[in-house]
Amino acid sequence: MNKYLFSIIPFFILCNLLVAQSGHLIINEVFYDPDTLTGDTNGDGVYSQQDDEFIEIYNASGKNLNVSGYKIYNDENWDLKVPNHIIPTGTILPPKGVLVVFGGGNPNGDFGGAIVQTASFGELDIKGTSDFIQVTDTGSSLIAALNLGQFSTSPNVSYTRNPDGKGNFQLHTDSTTSSFSPGLKIDNTAFNTEYKKKPVFTNDAVVLGLLMAILGLIFWAQASNIPFFKKVYSFVPPLLFCYILPALLTSFGLVDPEESKLYHVASRYFLPASLILLTLSIDLKEVFKLGPKALIMFLTGTFGVIIGGPIAILVTSWIAPDIVGGQGPEAIWRGMSTIAGSWIGGGANQASMYEIFKPTDGIYSTMIIIDVVVAELWMFFLLLGVGQADRIDRFFKADSTAVENLKQKMETFSKKITRVPTLNDLFVILGLALAFTGLAHLIADWIAPLIETHAPFLKKFSLTSSFFWLIILSTTFGLILSFTKARSYEGAGASRMGSVFIYFLVATIGMKMDFAEILHYWELVLVGIGWMIIHIVLLVVVAKVIRAPYFFLAVGSKANIGGAASAPVVAAAFHPSLAPVGVLLAVLGYALGTYGAWLCALLMAGVAPG
């Protein structure tokens with residue numbers, strides 16, 4: 001299985017259609033302290049502290065959003081469950097457009113073509129730094145939020161994002177002479193005039209062909225003997241190409257990911273099918289036969305990721321809380337939950353965390369880069385350590401004879417299960433994957449609303465999400481099948497078929513990437529490195545205590561951090577016959593990834609500032 005398969009999966013999550021509205025609705029500008037002389041923000045010719053307050057909400061998506069019935073609360077009214085404003089029926093927010101809600105008065109002006117409204121109940125009543133603005137949808141689910149505690153008490157100017165729609169908040173006068181710009185960008189130009197033109201290709205059949213052509217080219221180049229490609233792939237993982245190249249299709253206006261249905265198909269059908277096929281190959285008996293030290297190091301790596309994220313957030317919050325803060329879909333811990341999914345299990349688990357916790361696409365784009373950069377940096381040092389394995393084993397006082405025994409065991413295992421797949425094999429593999437995917441959908445669509453009706457308090461644990469149950473059930477079905485004769489289809493390529501599904505999912509996610517977001521969250525790369533250091537330190541300490549060989553440390557770590565994509569590579573660096581050891585441990589990680597990442601996310605949410 002290709003090394004980067006599981007780190008790549010992370011990407012599909014990016015396009016989650018269920019989060020299309022919540023992840024794309026952003027509080028872009030807020031003004032809670034209008035100046036008595038120049039604070040007539042609504043243009044009605046009358047200054048009013050109450051009427052001239054405003055909130056500007058931006059639609060960052062590429063499609064119309066029906067925000068009818070959405071509610072805006074200040075902190076006091078949230079406690080009372082009485083909204084300050086209910087968005088009127090028929091309010092359709094255009095792509096890249098804004099809605100401006102004033103406290104009152106009679107707004108007069110163009111406001112850049114924005115939708116302009118006044119508070120339904122006479123005032124927004126924003127109480128400066130003591131307030132907390134929240135926007136909910138018609139089902140009372142939190143869509144966007146902004147904690148004003150990070151701002152000054154009486155700035156007499158608005159706070160706005162820079163760049164608009166994606167950047168961090170700053171005083172409006174930090175970048176311009178004007179004190180506010182309701183309905184306009186910070187440079188006083190209109191918003192949705194920049195909205196992209198109709199893409200060149202609108203037919204999903206054509207988009208599918210383009211994506212598959214890109215994937216085919218990537219893997220052809222990887223297997224090529226052309227020196228240029230060999231050199232490129234020695235530095236750049238195929239994973240990045242699978243993600244970046246589809247992004248170019250969007251960047252050059254060739255496709256529109258918001259209009260394409262390919263991600264929905266990939267995430268709802270191919271993702272659970274891949275989980276079944278990848279988990280199908282697990283052999284828990286063989287894993288346990290590897291010896292307790294192998295499993296201890298693997299589980300230590302898992303535990304290091306689970307506690308490393310919360311610790312990294314906690315430490316950073318003491319030094320610079322704004323880096324790991326955020327509210328609603330913009331909360332950094334939500335994005336970091338996707339890294340936990342990737343680092344414990346793999347890309348599919350990462351995608352699952354994206355679907356469950358719903359970070360914004362901007363934050364998720366940044367997390368993907370952090371995931372790849374930090375994980376590959378650690379991979380580099382692990383491979384360097386292979387050449388020093390004997391010296392490291394002496395430091396750990398480890399007995400590496402178990403590794404030599406494993407070499408012989410795994411050579412026999414590989415020869416035993418491998419066979420040339422027949423047409424019958426392929427149909428059985430697809431039948432198992434898609435039949436159990438259908439069953440998972442059937443049960444998930446029944447159990448999620450049942451829990452929401454009878455145990456709504458479980459919503460905070462994501463147990464009312466049908467997608468959560470889809471992923472859990474798919475993984476569970478794969479585990480059950482691993483104890484049956486169906487497991488023998490791994491020898492016919494079950495996991496390779498699952499990998500095909502995953503790579504396609506990654507390509508559909510790649511179409512959504514926004515590289516510009518990285519510039520706004522570069523500090524999080526340092527948080528990711530701190531997280532990885534906790535994982536590493538814990539592994540070294542435990543290896544020293546139990547005298548585990550470096551082989552178990554390296555493979556146990558990469559079975560978590562890189563999954564079945566990276567662990568076999570590290571294992572094979574010790575000896576080619578040991579590659580299946582990495583696969584066995586990595587598939588176990590894949591099975592635990594959703595559970596562990598979910599727990600890690602809850603812990604991070606608990607310690608995150610705000």
Side-chain angles (χ1 to χ4, degrees), residues 10 13-14 16 18-19 22-23 25-27 132 134-135 141-147 149-150 166 168-169 302-345 349-371 374-375 459-463 465 467-468 471 517-518 520-535 593-610:
I13 286 183
L14 190 75
N16 180 1
L18 290 181
V19 76
S22 62
L25 210 58
I26 297 170
I27 297 176
F132 185 61
Q134 300 179 74
V135 181
S141 296
L142 186 63
I143 298 302
L146 178 62
N147 186 349
Q150 59 186 305
K166 61 177 69 173
N168 296 322
F169 277 97
T302 301
F303 184 68
V305 174
I306 292 174
I307 68 169
I311 293 175
I313 286 182
L314 188 61
V315 172
T316 305
S317 66
W318 294 338
I319 302 171
D322 289 347
I323 295 178
V324 290
Q327 302 293 332
E330 294 183 324
I332 296 300
W333 70 265
R334 295 180 185 273
M336 291 178 66
S337 71
T338 67
I339 296 181
S342 175
W343 284 3
I344 295 176
N349 306 94
Q350 185 176 22
S352 303
M353 294 303 101
Y354 177 85
E355 296 279 4
I356 291 169
F357 293 106
K358 301 180 174 67
T360 64
D361 286 349
I363 290 177
Y364 183 66
S365 296
T366 304
M367 296 304 164
I368 290 172
I369 299 299
I370 294 171
D371 172 19
V374 177
K459 183 176 182 178
K460 62 182 178 180
F461 297 112
S462 306
L463 298 183
S465 166
F467 187 83
F468 173 84
I471 298 304
E517 293 296 337
I518 302 169
H520 303 298
Y521 299 99
W522 65 267
E523 301 99 330
L524 291 174
V525 174
L526 297 180
V527 178
I529 291 175
W531 187 353
M532 181 63 72
I533 289 175
I534 295 170
H535 167 81
T594 299
Y595 309 104
W598 178 64
L599 175 59
C600 179
L602 296 182
L603 294 174
M604 290 190 292
V607 300

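Numbering starts at 1 and runs along the sequence shown.
Rounding to the nearest 0.5 angstrom, the gap separating the CD1 atom in Ile27 from the CZ atom in Phe169 is 6.5 Å. Between Ile307 atom CD1 and Met604 atom CE the span is 13.0 Å, to the nearest 0.5 Å. Distance CD1/Ile339 to SG/Cys600: 9.5 Å, rounded to 0.5 Å. For the atom pair OG1 (Thr338) and CD1 (Ile370), the distance works out to 8.5 Å, reported to the nearest 0.5 Å. Atom OG1 of residue Thr302 and atom NE2 of residue His535 lie 8.5 Å apart, to the nearest 0.5 angstrom.
In this structure, Ile332 and Pro359 have side chains that are not in contact, with every pair of non-hydrogen atoms separated by 4.5 Å or more. Side-chain contact check for Ser317 versus Leu314: some heavy-atom pair is nearer than 4.5 Å.
Pairing each heavy atom of Ser342 with each of Asp371, the nearest pair is OG-OD2, 2.9 Å. Taking all atoms of both residues into account, the shortest heavy-atom contact from Phe132 to Asn147 is CD1-CA, 3.4 Å. The shortest heavy-atom contact between Ile344 and Gly596 is CD1-C, 3.6 Å. Residue Ala601 comes nearest to Ser337 through the heavy atom pair CB-CB, 3.6 Å, listed as atom of the first residue, atom of the second, then distance.
Legend: residues meeting side-chain contact (heavy atoms from CB on, under 4.5 Å) with Thr316, ordered by chain and number and at least two apart, are Ile323, Val324, Val527.
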(message) Apply side chain to side chain contact (heavy atoms under 4.5 Å, CB included) to residues Trp531 and Met336 and explain how you reach the verdict.
(response) CA-CA 10 Å; Trp531 187 353; Met336 291 178 66; 3.7 Å; yes

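Identified under the ring-ring contact (aromatic ring centres under 6.0 Å, His included) test for residues 303-337, with sequence neighbours left out: Trp333-Phe357.
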